[in-house]
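Below: the structure, in structure tokens.
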Amino acid sequence: MVEVVNVVASGALDVELDLEAVARDLDDVVDYDPEKYPGAYVRFGGDEPLVTLYRTGKYIITGASSEAEAGQLREKFLTLLHRHGIVSAAEDAWFTVQNYVCMADMERSVNLSALAIGLGLEVTEYEPEQFPGLVYRPHDHACVLLVFATGKVVITGAQETESAEAAFAAFRDSIETLLADE
DNA sequence: TACTCGTTTCCTTATATATCTGACATAG
DNA sequence: CTATGTCAGATATATAAGGAAACGAGTA
């Protein structure tokens, strides 16, 4: 079972923004420090996803647990901007999910050194002294898997949930073949 | 050699995962 | 004063974004 733990999405408004003015208008939710970073952070609540807004009108939503949650936050964000007259509804250009970060559990321990050899050294990276997880980049799936000795797996880089699920399913099948004796 | 222009890298944010390190704290 | 304990911060992964800095190459 693959569980989505983070969704990164981006979108654009067809207008250039004066972030200084936006930060003044929405002082209670906006955190803007151009000396530190060019984007303005919009936080509705400590537990809600983060919106990073740029001068160009583009924005990023990070920290949502589902595509639906990202979409709801986007609506909330756009409504806020409309209410303050910062943008009009017509200036809303596009919005897409860019990355799904998922978690899965094989519920068995894994010998990562053996797995690296089994999967092939050209598709894996395992340096336990640098990082305890094995990095697996399958050729036939557009995402990256981080495999841990405990059997926990992090799947990241997927543009769709289905792609993360397919990558994990294929990985779980190969694990059973490669490490059947352990 | 000096300057310009294009490319590349880093920064920041979220999130799970696990391992080690360094900085503190508190107890004996 | 030393022992153990706790906690935060790297380490690595993907991804968007804009700006700054660094860097290589080409020209005068």
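Note that these values count all heavy atoms, side chains included, but never hydrogens, waters or copies made by symmetry. For clarity, every value in this text was computed on a predicted model and none was experimentally measured.
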Restricting both atoms to N or O, compile the protein contacts to nucleotides 17-21 of chain C shorter than 3.5 Å, with distance only.
unit_1 : atom_1 : unit_2  : atom_2 : d
C:dA17 : N3     : A:Tyr37 : OH     : 3.1
C:dA17 : N3     : A:Tyr54 : OH     : 2.7
C:dG18 : OP1    : A:Thr56 : OG1    : 2.5
C:dG19 : OP1    : A:Arg55 : NE     : 2.5
C:dG19 : OP1    : A:Arg55 : NH2    : 3.2
C:dG19 : OP2    : A:Arg55 : NH2    : 3.0

Pull out every protein N or O sitting under 3.5 Å from an N or O of nucleotides 6-8 of chain C, one pair per line with the distance.
none

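Contacts between residues 165-173 of chain A and DNA chain B, defined by a heavy-atom separation under 4.0 Å, are absent. A heavy atom lying under 4.0 Å from DNA chain B marks the following residues of residues 117-138 of chain A, by number: A:Phe131, A:Pro132. Proximity of residues 61-86 of chain A to DNA chain B (heavy atom under 4.0 angstrom from any strand atom) is restricted to A:Thr62, A:Gly63.
Side-chain heavy atoms closer than 4.5 Å link hydrophobic residues (I, L, V, M, F, W, Y) into clusters, and following such links, possibly through other members, connects A:Leu146 to A:Val101. Two different hydrophobic clusters hold A:Val154 and A:Leu145 under the rule that ILVMFWY side chains link at heavy-atom gaps under 4.5 Å. Linking Ile, Leu, Val, Met, Phe, Trp and Tyr whenever their side-chain heavy atoms come within less than 4.5 Å leaves A:Val97 and A:Val5 in two separate clusters.
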Only distances under 3.5 Å count here; give the side-chain donor-acceptor pairs of residues 18-36 of chain A to other protein atoms, sequence neighbours excluded, each with its distance to 0.1 Å.
unit_1  : atom_1 : unit_2  : atom_2 : d
A:Asp18 : OD1    : A:Glu20 : N      : 3.2
A:Asp18 : OD1    : A:Ala21 : N      : 3.4
A:Asp33 : OD1    : A:Glu35 : N      : 3.4

Between side-chain atoms of residues 69-82 of chain A and protein atoms elsewhere (two or more places apart, or another chain), which donor-acceptor pairs fall under 3.5 Å?
unit_1  : atom_1 : unit_2  : atom_2 : d
A:Glu69 : OE1    : A:Ser65 : N      : 2.7
A:Arg74 : NE     : A:Tyr59 : OH     : 3.4
A:Arg74 : NH2    : A:Asp92 : OD1    : 3.3
A:Arg74 : NH2    : A:Asp92 : OD2    : 2.8
A:Lys76 : NZ     : A:Glu48 : OE1    : 3.2
A:Lys76 : NZ     : A:Glu48 : OE2    : 2.9
A:Thr79 : OG1    : A:Glu75 : O      : 2.7
A:His82 : ND1    : A:Leu78 : O      : 3.4

With a 3.5 Å cut-off and sequence neighbours excluded, list the donor-acceptor pairs that the side chains of residues 123-138 of chain A form with protein atoms.
unit_1   : atom_1 : unit_2   : atom_2 : d
A:Thr124 : OG1    : A:Ala116 : O      : 3.4
A:Thr124 : OG1    : A:Gly120 : O      : 3.0
A:Glu125 : OE2    : A:Arg137 : NE     : 3.4
A:Glu125 : OE2    : A:Arg137 : NH2    : 3.3

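Scanning for side chain to side chain contact (heavy atoms under 4.5 Å, CB included) contacts around A:Ala12 gives A:Lys58, A:Ala93, A:Trp94, with sequence neighbours left out.
Each end of the helix from B:dT1-C:dA28 to B:dG28-C:dC1 gets its own axis, taken as the rotation carrying the C1' atoms of four end pairs onto the next four within a five-pair window, and the two axes meet at 80° to the nearest 10 degrees.
For the ring-ring contact (aromatic ring centres under 6.0 Å, His included) condition, no pair includes a residue of residues 102-121 of chain A, sequence neighbours left out.
Heavy atoms of A:Val154 sit under 4.0 angstrom from at least one base atom. As judged by a 4.0 angstrom heavy-atom cut-off over every strand, A:Tyr100 is placed among residues making no nucleic acid contact. Among the protein residues, A:Val8 comes within range of the nucleic acid bases, having at least one heavy atom under 4.0 Å from a base atom. Contact annotation for A:Thr96: no contact, since no heavy-atom pair falls under 4.0 Å across all strands. Note on A:Leu146: a base of the nucleic acid sits closer than 4.0 angstrom, heavy atoms only.
Between A:Tyr41 and A:Tyr37, the ring planes lie parallel to each other; the angle is under 30°, not in the 30° to 60° tilted range.
On the nucleic acid side, DNA chain B has its first and last nucleotide under 4.0 Å of a heavy atom of chain A at B:dC11 to B:dT19, going 5' to 3'.
Atoms CG and CZ, on A:Leu119 and A:Phe171 in that order, are 6.0 Å from each other to the nearest 0.5 Å.
Contact of the A:Val4 side chain with the A:Glu67 side chain is not registered, since no non-hydrogen atoms from C-beta on lie closer than 4.5 Å.
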